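Note: hydrogens, waters and symmetry copies are ignored here, and every other heavy atom, side chains too, is used. None of the values given here were measured: they were computed from a predicted structure.
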Amino acid sequence: MAKKTLGIVLAFCMTLTALPLSGSRVEENVHALDSAACMFHSTFESGTEQWSARGSSSVTATQKKAFAGSQSLYVSGRASAWNGAGYTLSSTQFTAGQAYSFGVTVMQNSIASEDFKLSLQCEIDGEAQYLSVAQGSAQKGQWLMLANESFLIPQGAENLLLYVETLENLTSFYLDEAVGGSEGMAYAVQANPLLGDVNRDGSITVADVYTMREILSVQRQGGDLQTDDMDANGRIDAVDLTLLKRYVMNPPEVEEEPDLPERVEGTWYNTADISWIDPAKPMVALSFDDGPVGIAATDTSIRIQNAIADAGFHATFFYCVNLWGKVLNSTTEQEIIRAHELGFEVANHTYSHPDLSTLSAAEVQSQINDCARELTRLTGRTDFLIRPPYLAVNQTVQANAGAPLITCAVDSLDWNQATAQQMIDSLTQKMNDGSLDNAIVLMHETNASTAQAVEYLVPVLKANGWQVVTISEMFRANGKDMYDGQIYRSAN
């Protein structure tokens, strides 16, 4: 890839340094990385790329912001300052007693300024150690580079985790372009200049207005469509000057991140995005058990996902890790990842689908936690609703669930060989009499009859003004909390 001659060039030439970056329109990323020196490089263009949530946080790949390329990692739902995003360093690549280069860019959109820290967690003689790699302050809406070209991993250090945290606040943030490699490794990122930064000084001020005036009056050579073409019509003219003046006089507000609910012990931490939901319209939460099935276009799971996604709706999928001997594999894992990326709610249906009410407290916890661990690995999330197999619940299950327990207000009976037409008739009647509103519907993604019913019902619901939402979305849209260990059938 050829290097552009214009832009902001950053390099690992700092030790314990943080550099604020004023550009936000990044179009191209140029890496001068020695393949022998670079040990990992996370761009998040293909997902979370082995970065995972640390503590009570959630990590997802997003296209909403990016320092380079089209995606970054969004870290939200943080209950403590140390909650963030972490990357496990390979013990075959990173050796205790040696120095290495590390760097990452971060950005927050919530408060005027936030102090960030790039840290290393490790164990020395069995005791946890937390070491500062680099730190700095990120202004609202601006990218900050945290970098150290010579960080020494202590002798005897094991179980190395590189992670990003804040020093005090619990703001959500974006993370991009994370790199680790040999000591002194050169790393360059070239960003497009800001639209409107006519004089290339890294900011947009009245000085840019004067410079554009000179360009238009032919008093000065130059003019670049990347910075000067404010209306993107392929030429630089008086309209661009007018738009630039307006921008300087009334710069746009930096968008606020949505407020997240406060994390309270025992309360379900519901971070569902309900900005697309009209609370005045009826809604229903379709939920599907016993996946994953697969990702072929003809698979019942994908037929169901497509029918719901094509209508612009969401649903909740309760997944098992080892369902009657059918364990997760590279294909079925992709279904879970796809569901998460489509905005569906991924939820916990236990590790191997036992009747939880027959198990001890330790066994209940193991079934739930072992499933959650795999779902976290695939989605980056840490909070999952639970549907107990066979809807079987007792006091032991409730005391050890650690999350809300979901049953249903409407049972499709697809598990009992209900036909597609029977399901269509039942749900249509409940739609017409209003009893479907705010109800949780139990279905199974494994049945062809269910897929056929969903393909028919979802467009009908939409045409009649209904919304198909996830369980978490439905409760948040109705302003209702859920609590760990409590049983929920509807949001009524």
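- In terms of modelled atom types and a separation under 3.5 Å, the side chain of Lys480 and the main chain of Ala491 share a donor-acceptor contact.
- Shortest non-hydrogen contact noted between Ala272 and Arg476 is O-NH1, 2.7 Å.
- Put simply, the side chain of Ser80 never gets that close to the backbone of Trp82: no donor and acceptor are under 3.5 Å apart.
- Tested against Asn109 for a side-chain contact (heavy atoms from CB on, under 4.5 Å), the candidates Lys140, Gln142, Glu114 yield a single pass: Lys140.
- Counted by atom type alone, Thr428 and Asp425 present zero donor-acceptor pairs between their side chains at under 3.5 Å.
- Residues Phe67 and Phe44 fail the side-chain proximity criterion, which asks for heavy atoms closer than 4.5 Å.
- The closest donor-acceptor contact from the side chain of Arg78 to the backbone of Ala81 lies under 3.5 Å.
- Counting only distance, with no hydrogens or angles, the side chain of Tyr174 and the backbone of Trp143 share no donor-acceptor pair below 3.5 Å.
- With hydrogens and angles disregarded, no donor-acceptor distance shorter than 3.5 Å links the side chain of Ser113 to the backbone of Gln139.
- Atom CZ of Phe40 has more than 12 neighbouring heavy atoms from other residues, nucleotides or ligands inside a 6.0 Å radius.
- In this structure a side-chain-to-backbone donor-acceptor pair under 3.5 Å is present from Asn394 to Thr396.
- Rounded to the nearest 0.5 angstrom, Phe173 CZ and Ser72 OG are separated by 10.5 Å.
- Between the side chain of Asp176 and the backbone N or O of Ala66, no donor-acceptor pair lies under 3.5 Å.
- When side chains are defined from C-beta on, Gln367 counts as touching Leu359, because their heavy atoms get closer than 4.5 Å.
- No side-chain heavy atom of Val321 sits less than 4.5 Å from a side-chain heavy atom of Ser352.
- Shown here is Lys326, whose NZ atom has more than 12 heavy atoms of other residues, nucleotides or ligands within 6.0 Å.
- No side-chain donor-acceptor contact under 3.5 Å links Tyr100 and Gln93.
- Residues Arg338 and Ile302 have side chains in contact (heavy-atom distance under 4.5 Å, counting atoms from C-beta outward).
- In this structure, the side chains of Phe288 and Leu286 come closer than 4.5 Å at one or more pairs of heavy atoms.
- Using a 4.5 Å heavy-atom threshold, the side chains of Thr271 and Ser76 count as separate.
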| Evaluation steps, side chain to side chain contact (heavy atoms under 4.5 Å, CB included), between Lys117 and Asp115 | CA-CA 7 Å; Lys117 192 174 181 181; Asp115 292 324; over 6 Å; no
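- Between Leu120 atom CG and Leu161 atom CG the span is 7.5 Å, to the nearest 0.5 Å.
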| request: Under the salt bridge (Lys or Arg N to Asp or Glu O under 4.0 Å) rule, what do Arg377 and Glu333 come out as? Steps first, then yes or no, please. | output: CA-CA 10 Å; Arg377 177 176 64 84; Glu333 286 181 353; 2.6 Å; yes
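- Taking every heavy atom of both residues into account, Asn348 and Ala372 meet most closely at ND2-N, 3.6 Å.
- Note that CG of Leu342 and CG of Asn306 are 7.5 Å apart. Values are rounded to the nearest 0.5 Å.
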| Should Val410 and Leu442 be marked as a side chain to side chain contact (heavy atoms under 4.5 Å, CB included) after you check the CA-CA gap, both sets of side-chain angles, and the distance that decides it? | CA-CA 6 Å; Val410 177; Leu442 170 64; over 6 Å; no
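- The distance from the CG atom of Asp290 to the OH atom of Tyr319 is 11.5 Å, given to the nearest 0.5 Å.
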| said: Applying side chain to side chain donor-acceptor pair (under 3.5 Å) to Ser449 and Asn447, what does each step give before you reach the verdict? | reply: CA-CA 5 Å; Ser449 58; Asn447 299 325; 5.0 Å; no
| field | Working for side chain to side chain contact (heavy atoms under 4.5 Å, CB included), residues Thr48 and Leu73 | value | CA-CA 6 Å; Thr48 56; Leu73 190 73; 3.8 Å; yes
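- Of the N and O atoms on the side chains of Ser275 and Asp273, at least one donor lies less than 3.5 Å from an acceptor on the other residue.
- In plain terms, the two heavy atoms of Thr300 and Ala451 that are nearest each other are O-CB, 4.1 Å.
- Partner of Met283 under the side-chain contact (heavy atoms from CB on, under 4.5 Å) criterion, chosen from Asp278, Leu461, Ile277: Ile277.
- Contact record, Ile386 with Ala403: CD1-CB, 3.7 Å, taken as the closest heavy-atom pair.
- Residues Thr166 and Thr171 share a closest heavy-atom pair of CG2-OG1, 4.4 Å.
- Residues forming a side-chain hydrogen bond (donor to acceptor under 3.5 Å, both in side chains) with Thr379 (at least two apart in sequence, or on another chain): none.
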| task | Go through Gln486 and Leu405 one step at a time and tell me if the side chain to side chain contact (heavy atoms under 4.5 Å, CB included) criterion holds. | result | CA-CA 6 Å; Gln486 296 301 304; Leu405 297 163; over 6 Å; no
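- The shortest side-chain heavy-atom distance between Phe102 and Leu146 does not fall under the 4.5 Å cut-off.
- Pairs passing the ring pair (Phe, Tyr, Trp, His ring centres under 6.0 Å) check and including a residue from residues 326-349, sequence neighbours excluded, read Phe317-Phe344, His349-His353.
- Checking Thr382, Asn83, Asp383 one by one against Ser57, the side-chain contact (heavy atoms from CB on, under 4.5 Å) holds for a single residue, Asn83.
- The two atoms that bring Leu328 and Pro292 nearest to each other are CD2-CG, 3.5 Å, heavy atoms only.
- A donor-acceptor pair is defined here as one N or O able to donate and one able to accept, closer than 3.5 Å; such a pair exists between the side chain of Asp299 and the backbone of Ala296.
- Contact of the Thr316 side chain with the Ile406 side chain is not registered, since no non-hydrogen atoms from C-beta on lie closer than 4.5 Å.
- With rounding to the nearest 0.5 angstrom, the CH2 atom of Trp415 is 6.0 Å from the CG atom of Leu413.
- Thr62 and Thr60 form no side-chain donor-acceptor contact under 3.5 Å, judged by distance and modelled atom types alone.
- Counted within 6.0 Å of CG on Asp125, heavy atoms from surrounding residues, nucleotides or ligands total 12 or fewer; the atom is thus considered open.
- Judged by distance alone, with hydrogens and angles left aside, the side-chain atoms of Asp310 form no donor-acceptor pair with the main-chain N or O of Pro459 at under 3.5 Å.
- The CZ atom of Phe318 sits 11.0 Å away from the CG atom of Leu375 when rounded to the nearest 0.5 Å.
- Side-chain N or O atoms of Gln121 include none that pairs as donor or acceptor with a backbone N or O of Tyr163 at under 3.5 Å.
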